[in-house]
Amino acid sequence: MFEHVPAYPGDPILSLNEDFQLDPRANKVNLSIGIYFDADGKLPMMDAVRKAEAALLEMRAPRPYLPMAGLADYRDAAQALIFGAGSEVRKANRVATLQTVGGSGALKVGADFLKRYFPASQVWISDPSWENHRVVFEGAGHTVNTYPYYDEQTGGLRFDEMLAAIDRLPAKSVVLLHACCHNPTGVDLSLAQWAALAPVLQRRELIAFVDMAYQGFGAGLTEDAACVGLLAEAGVALIVASSFSKNFSLYGERCGTLSVVCVSADEAGRVQGQLMSVIRANYSNPPTHGAKLVAGVLRDPTLQRQWEAELSVMRERILSMRHAMHAGLAGRVDEVLRARYLAQHGMFTYTGLTERQVETLRNDHGVYLLRSGRMCVAGLNEHNVSYVVSAIAEVAGA
């Protein structure tokens with residue numbers, strides 16, 4: 001019956017991670033998968049989360065199904081973090097926010113919703129973008145296109161070309177944007193560039209779908225979400241997918257949200273109802289434990305301050321690794337390649353290495369990057385950064 005089903009080629013990132021696990025070399029370094037590791041190369045458990053979990057386990061309460069929309073405290077706390085506790089859209093109850101199964105689940109629910117109510121609209125993603133963006137939206141039946149974004153020569157942003165391309169899109173087109181810490185390039189829009197983009201989106205009657213998977217890893221929690229508030233205030237049709245996987249180190253709990261900004265509370269209520277129907281058709285309702293952990297931290301001022309402090313340490317550690325790479329490669333590689341470690345932001349850097357150089361890094365040195373040259377800077381630490389510097393200098397030396 002199933003003879004016609006072809007083999008799955010595998011996800012390029014997860015497949016590479018499996019290859020890394022099988023590599024017997026003791027000095028191997030995994031800079032491929034987008035996970036934050038601490039200074040000892042371990043997945044951290046944040047103290048604020050640990051305390052929230054201890055309090056939760058003390059309650060020994062029953063574990064019923066959550067509503068389709070998710071845990072109310074979680075949704076409200078997440079919405080305040082994304083839009084600002086005192087934002088106008090929150091005061092007016094104009095945001096429909098639902099708990100989702102991670103950020104990927106938020107993208108999927110949003111994609112299904114858009115296909116149902118905007119069936120003729122096509123989706124536009126940055127060139128390049130996270131591989132799963134195309135997979136999720138095409139899987140929901142959308143036609144996916146790209147707009148200019150990354151400049152291969154400079155390692156920067158082709159903003160003028162990006163803006164011009166978006167200014168030509170048909171009304172009701174869906175434009176997928178990265179709020180901060182662009183995956184895979186680490187190249188972000190400045191706030192001034194967001195301010196220039198907002199009126200174009202509004203005038204062209206486009207739907208901005210903002211993916212914010214790394215809030216707090218760029219410039220800070222408030223700064224990284226500033227573009228969301230700016231677009232909301234500009235009256236742009238706005239959808240936001242958010243994730244707590246990285247900034248709470250809760251990868252396996254799949255804690256995400258999907259928010260849709262509407263023109264009225266009545267419209268938000270109707271949109272929320274239809275989003276709930278999409279969730280019902282996908283997985284009925286989200287899981288409980290991770291949502292209660294996040295809500296437990298964000299609802300407790302002491303734990304929230306501790307969490308923010310821990311997140312700042314994580315962000316600063318990544319920045320220190322960027323500086324270490326930049327300093328270590330001085331005089332050893334082309335300056336344009338070296339400058340990217342400081343010019344780009346967040347967990348990822350587009351190193352500018354060719355596919356052949358990436359293959360040599362993997363085969364000869366056990367240093368794993370994506371074939372595009374994307375490096376997860378969060379996989380570096382004081383124990384391996386010098387080795388990685390030397391390996392890159394050898395394969396890409398000036």
Side-chain angles (χ1 to χ4, degrees), residues 34 36 49 69-85 87 89-90 94-114 129-130 132-133 136-137 174-183 188 194 207-232 236-262 268 271-272 275 278-279 286-287 290-295 297-299 304 307-308 311 314-315 346-347:
Y36 176 86
V49 175
L71 187 69
D73 280 353
Y74 170 89
R75 293 190 292 114
D76 185 67
Q79 189 184 95
L81 194 67
I82 296 165
F83 294 94
S87 62
V89 292
R90 272 176 52 80
R94 293 200 291 116
V95 187
T97 298
L98 296 92
Q99 179 186 342
T100 58
V101 183
S104 296
L107 293 169
K108 170 61 175 170
V109 171
D112 286 351
F113 170 79
L114 289 170
S129 193
W130 180 45
N132 217 31
H133 282 149
V136 168
F137 282 93
V174 180
V175 183
L176 189 111
L177 300 156
H178 300 235
C180 59
C181 308
H182 183 273
N183 183 2
D188 294 332
W194 281 108
I207 300 170
F209 198 136
V210 176
D211 188 1
M212 186 162 60
Y214 303 96
Q215 186 180 3
F217 278 97
L221 285 165
T222 301
E223 296 86 346
D224 290 350
C227 63
V228 173
L230 188 153
L231 294 178
V236 174
L238 178 61
I239 301 174
V240 183
S242 182
S243 168
F244 291 113
S245 293
K246 281 79 177 177
N247 58 18
F248 268 74
S249 194
L250 285 173
Y251 300 90
E253 296 294 347
R254 311 308 295 132
C255 298
T257 63
L258 182 72
S259 298
V260 181
V261 179
C262 303
V271 167
Q272 177 150 325
L275 289 171
V278 173
I279 287 173
K292 287 190 173 182
L293 295 182
V294 172
V297 171
L298 297 181
R299 289 298 195 189
Q304 180 166 359
W307 168 68
E308 290 179 2
L311 182 58
M314 295 162 74
R315 180 175 64 252
M347 289 179 65

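Atoms considered below: every heavy atom in the structure, side chains included; atoms not considered: hydrogens, waters and symmetry mates. Being a predicted model, the structure only gives us computed values, none of them experimental.
- The shortest distance between side-chain heavy atoms of Leu176 and Ser129 falls below 4.5 Å.
- Side-chain contact between Asn247 and Trp307: present, with at least one pair of heavy atoms (C-beta onward) separated by less than 4.5 Å.
- In this structure, Arg75 CZ and Gln272 CD are separated by 5.0 Å, a value rounded to the nearest 0.5 Å.
- Two residues are said to be in side-chain contact when any heavy atoms from C-beta on lie closer than 4.5 Å; Asp76 and Arg90 meet this criterion.
- With hydrogens and angles disregarded, a donor-acceptor distance shorter than 3.5 Å links the side chain of Asp224 to the backbone of Gly218.
- Listed for the Asp188 side chain is a donor-acceptor partner under 3.5 Å among the backbone atoms of His182.
- Residues Leu81 and Gln215 approach most closely at O-NE2, 3.1 Å, considering heavy atoms.
- Residues Cys227 and Met212 fail the side-chain proximity criterion, which asks for heavy atoms closer than 4.5 Å.
- Closest heavy-atom contact between Gly290 and Leu250: O-CD1, 4.4 Å.
- Expressed to the nearest 0.5 Å, how far CG of Leu275 lies from CG of Leu258 amounts to 5.5 Å.
- For the pair Arg94 (side chain) and Val261 (backbone), a donor-acceptor distance under 3.5 Å is absent.
- Applying the ring-ring contact (aromatic ring centres under 6.0 Å, His included) rule to Tyr251 yields no partners; only residues at least two apart in sequence or on another chain are considered.
- What you find for Leu114 and Ile207 is that their closest heavy atoms are CD2-CD1, 4.1 Å.
- Using modelled atom types and a 3.5 Å distance limit, the side chains of Ser243 and Arg254 yield no donor-acceptor pair.
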Q: Could you walk me through whether Thr257 and Gln79 pass the side chain to side chain contact (heavy atoms under 4.5 Å, CB included) test, one step at a time?
A: CA-CA 8 Å; Thr257 63; Gln79 189 184 95; over 6 Å; no
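- We find the CD1-CG distance between Ile239 and Leu107 to be 10.5 Å, quoted to the nearest 0.5 Å.
- With sequence neighbours left out, the ring-ring contact (aromatic ring centres under 6.0 Å, His included) criterion links Tyr214 to Phe348.
- Ala241 and Phe209 make their closest contact through CB-CE2, 3.9 Å (heavy atoms, listed as atom of the first residue, atom of the second, distance).
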Problem set entry | Working for side chain to side chain contact (heavy atoms under 4.5 Å, CB included), residues Leu298 and Tyr74 | CA-CA 8 Å; Leu298 297 181; Tyr74 170 89; over 6 Å; no
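- The closest side-chain heavy-atom distance from Val109 to Leu98 is not below 4.5 Å.
- Among residues at least two apart or in separate chains, side-chain hydrogen bond (donor to acceptor under 3.5 Å, both in side chains) pairs with a member in residues 98-111 are Lys108-Asp112.
- The distance from atom CE of Met314 to atom OG of Ser249, rounded to the nearest 0.5 Å, is 5.5 Å.
- Among all heavy-atom pairs drawn from Ala291 and Pro287, the shortest one is CB-O, 4.1 Å.
- Leu293 places none of its side-chain heavy atoms less than 4.5 Å from the side chain of Phe244.
- At a threshold of 4.5 Å between non-hydrogen side-chain atoms, the residues Ile279 and Phe113 do not count as touching.
- Closest approach of Phe217 to Met347, counting heavy atoms only: CD2-CG, 4.3 Å.
- Residues Cys255 and Phe248 are not in side-chain contact: their nearest non-hydrogen atoms beyond the backbone lie 4.5 Å or more apart.
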